[in-house]
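I have placed the structure first, in the form of structure tokens, so that the comments after it can refer back to it.
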There are 2 protein chains.
Amino acid sequence: MMLMAAKTKRTERRTDALSKQRIVDAAIEILDADGESALTFRALAACLATGAGAIYWHVADKNDLLAATTNDVIARVMTDVVGEAEPRDAIRAIALGMFDAIDAHPWVGAQLSREPWQFAVLQIFEGVGGQLQALGVPERAQFDCASALVNYVLGLAGQYAAGARLLARDTDRSAFLATVAARWVQLDPAEYPFVHRVAAQLSEHDDREQFLAGVDLILAGIETVG
Amino acid sequence: MMLMAAKTKRTERRTDALSKQRIVDAAIEILDADGESALTFRALAACLATGAGAIYWHVADKNDLLAATTNDVIARVMTDVVGEAEPRDAIRAIALGMFDAIDAHPWVGAQLSREPWQFAVLQIFEGVGGQLQALGVPERAQFDCASALVNYVLGLAGQYAAGARLLARDTDRSAFLATVAARWVQLDPAEYPFVHRVAAQLSEHDDREQFLAGVDLILAGIETVG
DNA sequence: ACCTGAACACCGTTCAAGT
DNA sequence: ACCTGAACACCGTTCAAGT
């Protein structure tokens with residue numbers, strides 16, 4: 001849409017050539033607007049005013065397309081996040097950048113946890129791991145520490161994507177959490193004492209704060225090996 | 001297969017009635033043998049010697065089927081794992097039980113990270129959270145701590161499932177890791193210094209040990225809030 | 001070189017019809 | 001009540017044919 005702003009007059013014909021970047025942009029628009037299930041090659045082709053097969057000239061398959069859209073979003077996060085001097089703050093900034101990106105584009109969360117070998121995850125791994133030296137973590141422990149942080153972030157990614165998939169577009173999150181909490185309370189307290197106990201906190205908790213608390217927990221653990 | 005052991009003579013006709021449990025057992029067999037993509041209603045129906053539509057009498061849809069198979073596997077893990085007196089050991093046992101279950105059934109990892117609101121995740125949450133009181137974690141911090149641990153486990157779950165999906169059935173994991181490490185080394189060391197540094201450790205590291213190291217890291221962090 | 005769109009080989013799901 | 005299997009409405013992907 002933003003790419004067509006310059007020539008808004010003619011909608012009946014596409015005048016500019018196809019490119020991988022234009023395809024990725026259109027795919028992101030569809031994913032953001034209507035979710036993962038709305039991204040089909042047919043819908044994408046219609047949006048780009050072309051045939052479904054044309055997309056295959058620029059993109060290998062659907063996996064490639066999803067990897068490209070995810071890389072696009074994550075690369076933006078990682079470049080936006082530079083400039084924290086303190087390593088601890090830098091890691092927190094990366095984590096929060098990830099959270100906000102997944103909050104804005106829940107499908108990114110699904111894709112990250114589904115294909116963790118893709119380039120996007122490597123960028124997160126580098127961003128987090130690069131701070132560990134400055135944090136005083138011994139060389140041989142750095143791999144485990146970076147892995148723990150990235151695993152944690154990917155765990156949230158999947159969880160958040162699932163939540164977004166479940167939520168109707170206009171259902172607000174607090175109503176949904178209230179429903180879950182109500183279900184938790186109905187469980188047998190003898191068998192599920194812990195879930196019973198925290199059910200009250202569920203509806204009033206803040207996902208972003210809880211996520212950051214987890215990052216801080218892992219950072220505190222990392223400090224003990226330093 | 002194990003259910004047919006008693007009457008192995010006749011294969012041309014199914015004699016016993018369908019049930020949700022029989023469907024779930026057959027689905028697990030298919031998933032274990034040939035992976036997530038092999039589980040279709042047609043394949044499942046053929047395996048059960050029935051029509052595709054019959055399955056819908058016992059199972060709401062494919063989501064329901066996958067949730068049921070996952071619950072089955074996780075419930076087995078959680079009952080096998082009871083009996084550790086020390087809360088720290090209990091949490092480690094649950095985590096390792098999860099790791100081994102996902103290692104044996106990689107599709108469980110995908111399902112857990114895709115649908116974290118399902119009952120299976122609640123069981124993990126209870127199992128982990130129930131130990132925090134004994135660990136001396138203050139009430140108001142328990143929710144965040146349990147959430148961090150579960151998020152971390154779900155992160156691994158997705159990663160492991162993706163690895164299994166990528167690996168050919170007979171390709172061994174070390175060969176795969178060597179390939180990834182080779183790719184990492186080829187990256188620009190100026191832009192990816194950390195990834196470059198740990199590439200050597202990638203091919204010789206043990207996933208299970210690294211996973212447990214992460215659990216210990218989080219446990220160490222949890223102790224600092226106690 | 002790049003695009004078109006019909007065709008192919010699948011899916012999950014439904015439903016009239018059977019027992 | 002439970003099962004059957006053809007039919008429906010989709011998919012991703014391919015490919016001969018166009019420009």
Side-chain angles (χ1 to χ4, degrees), chain A residues 3-4 10-28 30-31 33-70 107 110-111 114-115 118 162 165-166, chain B residues 3-4 10-28 30-31 33-70 107 110-111 114-115 118 162 165-166:
Chain A
L3 286 173
M4 295 182 186
R10 30 181 53 253
T11 52
E12 74 279 5
R13 269 279 196 157
R14 178 175 52 76
T15 54
D16 37 357
L18 223 46
S19 71
K20 181 148 183 176
Q21 188 57 51
R22 282 199 62 229
I23 292 170
V24 168
D25 289 341
I28 290 177
I30 292 174
L31 288 164
D34 299 308
E36 301 162 59
S37 63
L39 183 66
T40 69
F41 276 79
R42 274 166 250 264
L44 191 53
C47 176
L48 290 163
T50 183
I55 297 166
Y56 282 90
W57 189 263
H58 302 273
V59 155
D61 52 23
K62 193 161 188 185
N63 261 334
D64 184 27
L65 176 62
L66 283 170
T69 57
T70 305
W107 52 271
Q111 181 57 18
R114 197 181 300 134
E115 297 292 342
Q118 64 195 334
R165 214 178 298 126
L166 221 62
Chain B
L3 285 173
M4 295 181 187
R10 29 182 54 253
T11 51
E12 73 279 6
R13 269 279 196 156
R14 177 174 52 76
T15 55
D16 38 357
L18 224 47
S19 71
K20 179 148 184 178
Q21 188 58 51
R22 283 199 61 229
I23 293 170
V24 167
D25 289 341
I28 290 176
I30 293 174
L31 288 164
D34 300 308
E36 301 161 61
S37 63
L39 182 66
T40 67
F41 277 79
R42 273 167 250 264
L44 191 54
C47 175
L48 290 165
T50 183
I55 296 166
Y56 282 90
W57 188 264
H58 302 274
V59 155
D61 52 22
K62 194 161 189 184
N63 262 333
D64 183 27
L65 176 61
L66 283 170
T69 58
T70 305
W107 52 271
Q111 181 57 18
R114 197 181 300 132
E115 297 291 341
Q118 64 195 335
R165 214 178 299 125
L166 220 62

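All of these numbers come straight from a predicted model, not from anything done at the bench.
Rounded to an integer number of Å, the gap from CZ of Phe41(B) to P of dC10(D) is 18 Å. Taking atom OH on Tyr56(B) and atom C1' on dC11(C), their separation rounds to 10 Å, with Å as the unit. If you take CG of Leu18(A) and C1' of dT19(D), they are 15 Å apart, rounded to a whole angstrom. One interatomic measurement links the two molecules: CD of Glu36(B) to P of dG12(C), which rounds to 13 Å at whole-angstrom precision. Spacing between atom CD1 of Ile23(B) and atom C1' of dC3(D) amounts to 11 Å, rounded to whole angstrom units. Rounded to an integer number of Å, the gap from CG of Leu39(B) to P of dC11(C) is 11 Å. dG12(D) atom P lies 11 Å from atom CD1 of Ile30(A), rounded to whole Å. As rounded to whole Å, 12 Å separates atom C1' of dC10(D) from atom NZ of Lys62(A).
For His58(B), counting side-chain heavy atoms from C-beta on, the closest listed nucleotide (dG12(C), dA7(C), dC3(D)) is dC3(D). The side chain of Arg42(B) sits closest to dA7(D) out of dG12(D), dA7(D), dC2(D). Relative to the side chain of Ala17(B), the nucleotides dT13(D), dG12(C), dC3(D) differ in distance, and dC3(D) lies closest.
Here OG of Ser19(A) is found 9.0 Å from CG of Leu48(A). Values are rounded to the nearest 0.5 Å.
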**OP:** Using Watson-Crick or G-U wobble pairs with both distances under 3.5 Å, give me DNA chain D in dot-bracket, 5' to 3', with [ ] for crossers and | for pairs to another strand.
**Re:** ||.|||||...|||||.||
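Residue Ile55(A) is classed as having no contact, given no heavy-atom separation below 4.0 Å to the nucleic acid. Looking at heavy-atom distances under 4.0 Å, Ala52(B) makes contact with a base. When heavy atoms are screened at a 4.0 angstrom cut-off, Leu65(B) is found touching no nucleic acid atom at all.
The backbone N or O of Glu36(B) sits nowhere less than 3.5 Å from a side-chain atom of Arg165(B) that would complete a donor-acceptor pair. Panel note: side chain Gln118(A), backbone Gln111(A); a donor-acceptor pair is recorded below 3.5 Å.
Nearest approach of Ala27(A) to Leu65(A), heavy atoms of both residues: CB-CD1, 4.0 Å. Nearest heavy-atom pair across Cys47(B) and Ile30(B) is CB-CD1, 4.3 Å. Between Asp61(B) and Asp64(B) the shortest heavy-atom distance is OD1-N, 3.0 Å.
Taking only side-chain nitrogens and oxygens, Trp57(B) never comes nearer than 4.0 Å to OP1 or OP2 of dC3(D).
Mapping Ala54(B) and Gly53(A) onto DNA chain D by nearest heavy atom places Ala54(B) closer to the 5' end of the strand.
With contacts defined as side-chain heavy-atom distances shorter than 4.5 Å, the pair Leu39(A)/Trp107(A) does not qualify.
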